[in-house]
Number of protein chains: 2
Amino acid sequence: MKLSKTEEELMNHLWGLKKAFMKDLLEEYAEPKPAATTISTLLKRMADKKFVGYETKGNMREYYPLVSKDSYFSNHINGLIKNFFNDSPGQFASFFTKKTDLSSAELEELKALIEKQLDQKK
Amino acid sequence: MKLSKTEEELMNHLWGLKKAFMKDLLEEYAEPKPAATTISTLLKRMADKKFVGYETKGNMREYYPLVSKDSYFSNHINGLIKNFFNDSPGQFASFFTKKTDLSSAELEELKALIEKQLDQKK
DNA sequence: AAACTTATTCTACATTTGTAGAAGGTAATA
DNA sequence: TATTACCTTCTACAAATGTAGAATAAGTTT
């Protein structure tokens with residue numbers, strides 16, 4: 001099961017807030033905000049799909065993610081890589097660094113990260 | 001406008017072949033292959049969306065991509081980055097290298113690539 | 001207790017997506 | 001030229017998606 005595009009957007013807000021009432025989530029949206037019922041519908045669908053859980057507090061619910069952003073993304077990206085880059089993360093990585101505009105600072109940071117990973121491999 | 005998941009899959013085959021008749025595309029699929037009409041429907045929708053063009057040859061068409069895989073992906077990835085990583089490619093990159101399992105060789109390659117990019121920035 | 005606020009569920013509906021049969025066209029072939 | 005092989009378009013339809021009004025429920029305030 002997967003989230004749709006708009007559900008992903010909402011999920012992302014929820015990841016940011018960690019825990020939130022419907023009202024809080026609605027606030028995250030830029031104008032023009034969607035109708036509150038729209039958010040509710042999405043939350044219900046996401047709860048049905050087991051992507052969010054909630055605790056009932058009075059007449060409302062405090063929602064929280066049931067999957068971490070990290071694990072959600074690993075799948076997501078791996079699917080992408082599988083589909084478009086012959087299942088080769090390396091191919092994807094090189095495409096990525098070539099096609100996105102990273103600043104020098106970001107490149108340095110990334111380089112350091114890679115060196116650290118190389119170290120750990122030994 | 002965007003391609004749907006299945007359209008993307010078909011597009012990916014087309015990128016691989018560069019030019020192809022419906023028959024050729026159908027062959028790319030693993031068993032159980034979809035119905036030929038299904039592929040035709042998708043091709044028509046993709047043509048309507050201006051993602052593929054074609055040359056008529058007799059009673060059939062030779063299809064070809066109207067957008068390169070590279071540019072399609074830049075958008076795709078940038079959307080992803082915008083949505084989930086605060087619009088920060090660096091954040092995404094570090095997430096990526098941490099979460100995917102790159103081999104030492106791939107890491108080395110990536111490091112070299114980054115160094116080259118750093119050089120060019122000067 | 002009445003009125004108000006706010007959230008949730010039900011219902012609804014237009015679009016998009018995934019699939020494919022039926023019908024109709026052209027080129028090659030028997 | 002009748003048949004065969006393919007292809008494309010038309011039509012269809014179920015499921016998923018994007019949105020949101022109406023109805024309902026439960027605290028909150030007056």
Within one Ile-Leu-Val-Met-Phe-Trp-Tyr cluster: Tyr64(B) and Met60(B), side-chain cutoff 4.5 Å: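 No.
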
Between [N] ([atom2]) and [X] ([atom1]): distance, integer Å:
| X | N | atom1 | atom2 | result |
| --- | --- | --- | --- | --- |
| Tyr29(B) | dG18(C) | OH | C1' | 11 Å |
| Lys57(A) | dT8(C) | NZ | P | 13 Å |
| Leu25(A) | dT8(C) | CG | C1' | 14 Å |
| Glu62(A) | dT8(C) | CD | P | 11 Å |
| Ile39(A) | dT8(C) | CD1 | P | 11 Å |
| Lys44(B) | dT11(D) | NZ | P | 12 Å |
| Asp24(B) | dT8(D) | CG | P | 11 Å |
| Met22(A) | dG27(D) | CE | P | 16 Å |

Whether Trp15(A) and Tyr72(A) hold their rings parallel, tilted or perpendicular, with breakpoints at 30° and 60°: tilted

Aromatic ring pairing Phe92(A)/Phe85(A), orientation class (parallel under 30°, perpendicular over 60°, tilted between): perpendicular

Distance test, side-chain N/O of Arg61(A) to OP1/OP2 of dG27(D), below 4.0 Å: no

OP1 or OP2 of dT8(D) under 4.0 Å from side-chain N/O of Tyr63(B):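 Checking dT8(D) against Tyr63(B), a side-chain N or O does come within under 4.0 Å of OP1 or OP2.
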
Lys116(B), NZ: over 12 other non-hydrogen atoms inside 6.0 angstrom: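 Open: at most 12 neighbouring heavy atoms sit under 6.0 Å from NZ of Lys116(B).
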
SB check Glu7(A) Lys2(A) (cutoff 4.0 Å): no

Stepwise side-chain contact (heavy atoms from CB on, under 4.5 Å) test for Thr97(B) and Leu110(B): CA-CA 10 Å; Thr97(B) 34; Leu110(B) 199 50; 4.2 Å; yes

Nucleic acid footprint by protein, nucleotides 16-26 of chain D - heavy-atom cut-off 4.0 Å, B for base, S for sugar-phosphate alone: -SBBBBB---B

